[in-house]
Amino acid sequence: MTALHVHNTMTRRKEKFEPLDPAHVKMYVCGPTVYDDAHIGNARPVVVFDVLARLLRRLYPKVTYARNITDIDDKIIVRAAERGVHIDTVTADTIANYHADMAALGALPPDMEPRCTRSIPGMLAMIETLVDKGHAYAAEGHVLFAVASYADYGKLSGRSRDEQIAGARVEVAPFKRDPADFVLWKPSTPDQPGWDSKWGRGRPGWHIECSAMAKDVLGITIDIHGGGLDLTFPHHENEIAQSQCAHGGVQFSKYWMHNGFLVVNGEKMSKSLGNFFTVRDLRARAPGEAIRLLLLKTHYRAPLDFTDEGLRQAKLNLDRWYRLLQISDALLDSSQKEADRLNPMDVPPDILRALCDDLNTSEAIARIGEFIVDKGYRHHRDGNLTELRMAADELRSAAAMLGLLQVNPEAWFKQTLNATGIPSRNSFGSSTIGNTKPLEVHMEEYEIDTAIAARLAARKAKNFAEADRIRDDLKAKGIVLEDGPKGTSWKRDG
RNA sequence: GGCCGGGUAGCAAAGUGGUAAUGCAGGGGACUGCAAAUCCCCUAUACGGCGGUUCGAUUCCGCCCCCGGCCUCCA
């Protein structure tokens, strides 16, 4: 059996993954702050850790994967004020969009999705413990974590205390004992959301939520804590400080995994720079699986340049994969297909080996293309139907590990993109993404069938000019025809 | 300044102590009424630079250069 190895940010090297309890693996990933639609950079960790969760489930009998939703935050309060609605409206809308977007990318829901607003008691309990143990103090309605009380502070991100102070670029609140101290609890004005506490009515700071929720749903020590690279400091550093100080120094997470950034034209894609694409916009330009494949084609720790050309290629790759399944399916009768489903092939060893090597999805995808898809087409050419069918099965199970090839081939080729016509609030116009616009003409299937029949008649009459005219007309409307031995089939090609 | 990641053909992206997959793009062919899809063949003197270790380095070590990131809004 292949042993899983993962890169641990804490040690900065690849380590063998040895769960605390092989009978129950626990993973926590930082989820979104729900004030705005998810952009593709937010989607990367979701897809990456979705693959990791699938892999862990394949390797261990029980896996609990928790991903939180931060639904109380100043950005949300600001957004609600801007829109003139209640904060709950902002969070409910955003969460609904988030779930729809992530589902479109083929990400399975996490086992648990704790929300801050429902975890306040846990946070207050942890804050109280920290105060009692001398790791936190109250000042002017705030409760702050005393960084000086934790000797290992800075270990995850590899920075010393001096450096932090030298690098501090924000004004230090006067009530802080130490410039590096961070807020656990802060006071709310009457018009701001708040909860009663022994330090007055207020709301949690940014970092305490994850510490408290991880403990609530997974326990004191977890196996893997994941998130984007930019969370390493200060967010995860602070989580470690809070959790380990509250729990008498007991380790918070055994492994820390961070995904790299998406870049656009060489620059980090981020909300603060404004150079981002929402998942919702991209869904109108490419199928969710194509977006997912593009995200997985680059190793998760490497920077990923997200481009139109990349999206186009990912779509082409999937077309080729689905085509093989379609060919295989067409050669089998329904009873055989049913038998396949009853006896799914296990994940090909090469694929498993690649994923076990610190989630090397790039290599897994390369091997799928090279050794499975190519092989399948070779068997097709040579007329080896049994081998073709085996290759198709292999492809299905390999792709399933990556969350790909999850629809049937017919549906894939005939799908219509998610053209809601509603641009996201922050869509970014002047970019390399977006050259492929959704088609304005949408043809219903019966219209297509009618056109195909007309073309067939023209072909029979050797009126090829008319036949080609019909084909060109369909092409202009995004319908591509393919003449095969069993007649003409079509696909949408947005 | 400190710390971190990356630099492989036109583009994308694996990998390796013995001179390097694959995809897209490009060229030719089979098939087709023509296409599409599929198949076959071909193409590129691609491992940022300089040293070191070695019989031999793109792969290990050192230094340097370039790009990007973090240093309390950020996935």
Side-chain angles (χ1 to χ4, degrees), chain A residues 7 9 12 29-33 35 38-49 73-75 78 147 154 157-160 162-170 172 179-183 205-207 226-235 237-238 258-263 266-273 276 294 297-299 301-305 307 309-310 312-314 316-317 319-320 323-324 326-327 354 360-371 373-374 377-378 380-382 413 459 462-465 467-468 471-472 475 480-484 488-491 493:
Chain A
H7 178 90
T9 306
R12 290 165 210 293
V29 173
C30 288
T33 299
Y35 68 103
H39 65 71
I40 188 68
N42 301 118
R44 191 177 192 191
V46 173
V47 169
V48 164
F49 289 105
D73 178 274
D74 287 1
K75 288 191 288 289
V78 169
V147 168
S157 51
R159 36 192 111 224
S160 73
D162 293 345
E163 282 163 5
Q164 291 155 43
I165 294 166
R169 65 183 182 189
V170 229
V172 177
D181 290 351
F182 56 92
V183 171
W206 177 29
H207 314 292
L229 191 60
D230 52 354
L231 292 182
T232 311
F233 188 88
H235 188 54
E237 195 71 70
N238 291 353
H258 293 97
N259 63 274
F261 288 116
L262 265 84
V263 295
E267 261 201 327
K268 174 188 173 184
M269 177 188 292
S270 76
K271 291 197 174 178
S272 54
L273 291 175
F276 62 90
L294 176 53
K297 278 172 90 170
T298 302
H299 183 84
R301 283 191 288 124
L304 165 54
D305 207 339
T307 63
E309 172 61 15
R312 190 186 70 82
Q313 280 198 29
L316 286 175
N317 290 144
D319 281 347
R320 183 173 161 79
R323 174 78 58 193
L324 184 68
Q326 192 177 40
I327 290 170
N360 194 340
T361 51
S362 314
E363 188 179 338
I365 289 163
R367 285 183 178 277
I368 286 174
E370 189 180 347
F371 295 113
V373 177
D374 288 358
Y377 278 117
R378 264 201 310 281
H380 174 230
R381 180 194 64 199
D382 298 339
F413 287 115
R459 290 179 71 202
K462 303 278 185 202
N463 185 355
F464 296 120
D468 290 352
R471 185 171 63 197
D472 291 345
K475 177 106 198 303
V480 177
L481 298 188
E482 292 170 5
D483 295 332
T488 300
S489 63
W490 60 272
K491 65 178 182 180
D493 187 27

- Task: Using the P atom as the reference point in each nucleotide, state the distance between rG10(B) and rC47(B) in Å, no decimals.
- Result: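 Between the two P atoms, the distance is 10 Å.
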- Message: I'd like the P distance from rU8(B) over to rG49(B), given in whole Å.
- Response: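 Each nucleotide's P atom is 11 Å from the other's.
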- Query: Would you say T298(A) and R44(A) make side-chain contact, with heavy atoms under 4.5 Å?
  - Reply: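 They are in side-chain contact.
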- Item | Rounded distance (Å) that lies between atom C1' of rG23(B) and atom CD of Q313(A) |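 Roughly 6 Å, once rounded to whole Å.
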- Message: In this structure, how many angstroms lie between the P atom of rC3(B) and the CG atom of L231(A), rounded?
- Response: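 For the pair L231(A) CG and rC3(B) P, the rounded distance is 22 Å.
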- Message: So does S157(A) get a backbone contact from the side chain of T232(A), meaning a donor-acceptor N/O pair under 3.5 Å?
- Response: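 Not confirmed, T232(A) side chain does not pair with S157(A) backbone.
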- Examine distances only and state if a side-chain atom of Y377(A) and a backbone atom of R320(A) form a donor-acceptor pair shorter than 3.5 Å.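 Looks like yes, one N/O pair under 3.5 Å.
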- To the side chain of N360(A), which of rA14(B), rA21(B), rC71(B) is closest?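 Selected nucleotide: rA14(B).
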- side-chain N/O S362(A) vs rA14(B) OP1/OP2, d < 4.0 Å: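 It does, given that an N or O in the side chain of S362(A) lies less than 4.0 Å from OP1 or OP2 of rA14(B).
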- Output yes when at least one side-chain N/O atom of S157(A) is less than 4.0 Å from OP1 or OP2 of rC70(B), else no.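 So the side chain of S157(A) is outside the cut-off, no N or O lying under 4.0 Å from OP1 or OP2 of rC70(B).
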- In which ranges does RNA chain B form stems of 3 or more consecutive Watson-Crick or G-U pairs, distances under 3.5 Å?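 Detected stem regions: B:1-7 with B:65-71, B:10-12 with B:22-24, B:26-30 with B:38-42, B:48-52 with B:60-64.
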- Message: Please evaluate residues V147(A) and E237(A) with respect to the criterion side-chain contact (heavy atoms from CB on, under 4.5 Å), reporting the C-alpha separation (whole Å), side-chain torsions for both, the decisive distance (0.1 Å), and the verdict.
- Response: CA-CA 11 Å; V147(A) 168; E237(A) 195 71 70; over 6 Å; no
- How are the rings of H235(A) and H207(A) set to each other: parallel, tilted or perpendicular (split at 30° and 60°)?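 The rings of H235(A) and H207(A) sit tilted, inter-plane angle from 30° to 60°.
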Any N/O pairs under 3.5 Å between the protein and nucleotides 37-41 of chain B? List them or say none.
| from | atom 1 | to | atom 2 | distance (Å) |
| --- | --- | --- | --- | --- |
| rA37(B) | O2' | R323(A) | NE | 3.3 |
| rC39(B) | OP1 | R320(A) | NH1 | 3.4 |
| rC39(B) | OP1 | R320(A) | NH2 | 3.4 |
| rC39(B) | OP2 | R320(A) | NH1 | 3.3 |
| rC39(B) | O3' | R381(A) | NH1 | 3.1 |
| rC40(B) | OP1 | R381(A) | NH1 | 3.1 |

- Message: Quick check on RNA chain B: between L316(A) and D483(A), whose nearest nucleotide comes earlier from the 5' end?
- Response: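 With L316(A) and D483(A) compared, the 5'-side residue is L316(A).
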